Visitor: 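Quick one: this structure, given as structure tokens, is what I'll be asking you about.
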There are 2 protein chains.
Amino acid sequence: MGTVGKAISLLELFSVAEPELGLSDLSRRSGFDKATTRRLLVALTGHGFVEQDAGTRHYRLGAGLSRLARIREARFPFLQTAVPLVRELATATAETVHLSEFGIDRLVTVHVEHPARANRVNVDIGQLLPLHSTASGIAYMAFARDEAVRACLAGPLDAFTAHTLVEPAAIARSMDEARVRGYSICDQGLEEGVISVAAAILAADGFALGTIAVAAPKARTAAADIAQRGLAVMAAAREISMRLNGDNLQILRRQA
Amino acid sequence: MGTVGKAISLLELFSVAEPELGLSDLSRRSGFDKATTRRLLVALTGHGFVEQDAGTRHYRLGAGLSRLARIREARFPFLQTAVPLVRELATATAETVHLSEFGIDRLVTVHVEHPARANRVNVDIGQLLPLHSTASGIAYMAFARDEAVRACLAGPLDAFTAHTLVEPAAIARSMDEARVRGYSICDQGLEEGVISVAAAILAADGFALGTIAVAAPKARTAAADIAQRGLAVMAAAREISMRLNGDNLQILRRQA
DNA sequence: GGATATCGGTTCATTATTTGAACCATTATT
DNA sequence: AATAATGGTTCAAATAATGAACCGATATCC
């Protein structure tokens, strides 16, 4: 791995659950030598990608990242556009709604709305979702470029639960159904007792760029709930797609 | 400069005005060899920090940055907390309002609200503000750690206009006034014909972490306008500080 | 239409940077 | 008082980064 990759994988050790980490911890988890880890952290700190707490000496992600993310967001106003509709959907369904954007080979959770109830599905911002075993992934692949789909189906497909689909044919079927239906369904593909529906958000070129999904405990989910949430998530995805692409319906032919 | 620094300075070439750049362009602007530039871009792309447009082959900032920025934001909900108040202030003043966060040695513009009028001050997201020549910078330093202030006053201080204060003593006086008054005033310190007021947003430790500012064309700004905007920006900053710190007024003694 | 310039991308011997075991100084634990 | 963490530093050895020259493909110009 190149030095740049190492520096970035250091950044990727931070999460919502553990937003601050010490030098030794970072060194241990990354597998890099302590001296190396520190040199990388100093370089990252010098550019505002990492900050060091004056008191605890622990490190955390820096403001420089916010800056760059906002510059990106100015070009692709994905969050700005989608978040209000995620909120609406969360209110309407009273279940967890999460928004994801595609990155490299997985979906990245960029926004989450949790319902105000104790028994709920918990999703963290920044969480990475595999394509084959989540409703979001299936919805994404249903409208993704062939290359991305092939890359996913070629790689090793982890079975996270007894229900996870790992047969390429079964996954392809799942995608086909999602395409016809307008939304995907994933029954405990990533975690026991969780059932999700999702729909793809399309870019101007007609290919998916992200997804919106509703995740709920299976125990309180009837078939009618699935259908209702599915239609709602589909409507939200379509609305976001249209707002992103200037209400240009022509372009959205693939989803029509 | 280390490899990591080079990679990051490549990222910093992107801006709201130029969100997509080609390989040759990036190589030229960074001063790195084309081969080096490309190797860095490939490394960055592999981690989602940069994306390449399939058609034009141009590069742009990637989704991985959004992910990390959101993780940071989950710990420091600066934007979430502040943006509604920035909006309010923009509506109330009918002038440009911008929000900044401190990073390394400057303030980073993380949010902007522009009024719906042609003649206005334009500020871009991601824009970097020097500490000594902006209302935000003065407001920040008025409540910053001594080290940060000393570092600023020690370095070379550019005179951007004929009005820019470059004397450390004059800048210190400006800070003192801001501390007493509750908000800073900067009269054409960065650009001719622009007058701004700003107030510091404080962290739980009582030190500034960012600022909120109102910038307006000097031509339509009377003394009374300055006072009015100053009080408004101060109120907004205080409200943001309180919301960030759980309404703990004790902690905000420094601003009292 | 043919010459020219620019684009993105690649190669590989040379060069400069990164690496990590061993080392401090501090600060909790035991 | 001893032990084991912590964050941080050093420098010879190992490794990765570098860049001039190259390629093929577009775009531009006369």
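Only a predicted model underlies this, so the values are computations on that prediction, with no experimental measurement involved.
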Visitor: Quick one: is B/Ser24 getting a side-chain N or O under 4.0 Å of the C/dG8 phosphate, OP1 or OP2?
Guide: yes
Visitor: Just checking A/Glu12: does its CD atom have more than 12 heavy atoms from other residues, nucleotides or ligands closer to it than 6.0 angstrom?
Guide: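 Yes, the 6.0 Å shell around CD holds more than 12 heavy atoms from other groups.
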Visitor: How many whole angstroms separate atom CG of A/Leu40 from atom P of D/dT9?
Guide: 14 Å
Visitor: If you go through the side-chain atoms of A/Lys34, does one of them form a donor-acceptor pair with the base of D/dG8 closer than 3.5 Å?
Guide: yes
Visitor: NZ of A/Lys6 versus P of D/dT15: gap in Å, rounded?
Guide: 10 Å
Visitor: With nearest nucleotides of DNA chain D determined for B/Phe32 and A/Leu23 from heavy-atom distances, which residue corresponds to the more 5′ nucleotide?
Guide: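 Whichever sits nearer the 5' end wins; that is A/Leu23.
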Visitor: Take A/Asp124 and A/Val112 through the side chain to side chain contact (heavy atoms under 4.5 Å, CB included) test and state the conclusion after the steps.
Guide: CA-CA 7 Å; A/Asp124 278 340; A/Val112 181; over 6 Å; no
Visitor: Send over the distance from B/Arg38 CZ to D/dC23 C1', rounded to a whole Å.
Guide: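 About 13 Å, once rounded to whole Å.
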Visitor: When the distance from CZ of B/Arg57 to P of C/dC7 is rounded to whole Å, what number comes out?
Guide: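 Going from CZ in B/Arg57 over to P in C/dC7 covers 15 Å.
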Visitor: Over how many whole Å does the gap from A/Arg39 atom CZ to D/dA17 atom P extend?
Guide: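 Taking CZ of A/Arg39 and P of D/dA17, I get 11 Å after rounding.
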Visitor: On the nucleotide D/dA17, are OP1 or OP2 found under 4.0 Å from the side-chain N or O atoms that A/Thr3 carries?
Guide: yes
Visitor: Both A/Arg28 and B/Asp33 contact DNA chain D. Taking the nearest nucleotide for each, which residue is further toward the 5' end?
Guide: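 Taking each residue's closest nucleotide, the earlier one in sequence belongs to A/Arg28.
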Visitor: Would you sort out whether B/Asp176 and B/Arg173 count as a salt bridge (Lys or Arg N to Asp or Glu O under 4.0 Å), showing the intermediate values?
Guide: CA-CA 5 Å; B/Asp176 289 340; B/Arg173 203 175 320 122; over 6 Å; no
Visitor: One thing to verify: whether A/Arg72 and A/Glu101 come together as a salt bridge, which I'm taking to mean a side-chain N less than 4.0 angstrom from a carboxylate O.
Guide: yes
Visitor: Can you check the B/Leu26 CG to C/dG9 P distance for me, whole Å?
Guide: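 My rounded result for the distance is 11 Å.
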Visitor: Given that B/Leu21 and B/Ala35 both sit by DNA chain C, which one's nearest nucleotide is further toward the 5' end?
Guide: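 Checking each residue's closest nucleotide, the 5'-ward one belongs to B/Leu21.
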Visitor: If we call it a pair only when both distances are under 3.5 Å in a Watson-Crick or G-U wobble match, what pairs with D/dA14?
Guide: C/dT17
Visitor: Could you tell me how far apart A/His58 (NE2) and D/dT6 (P) are, to the nearest whole angstrom?
Guide: 9 Å
Visitor: To the nearest Å, how far apart are B/Met1 CE and D/dT18 P?
Guide: 10 Å
Visitor: If only side-chain N and O atoms of A/Tyr59 are considered, is one of them under 4.0 Å from the OP1 or OP2 phosphate oxygen of D/dG8?
Guide: yes
Visitor: So A/Tyr140 and A/Phe102, would you call those rings parallel, tilted or perpendicular, with 30° and 60° as cut-offs?
Guide: parallel
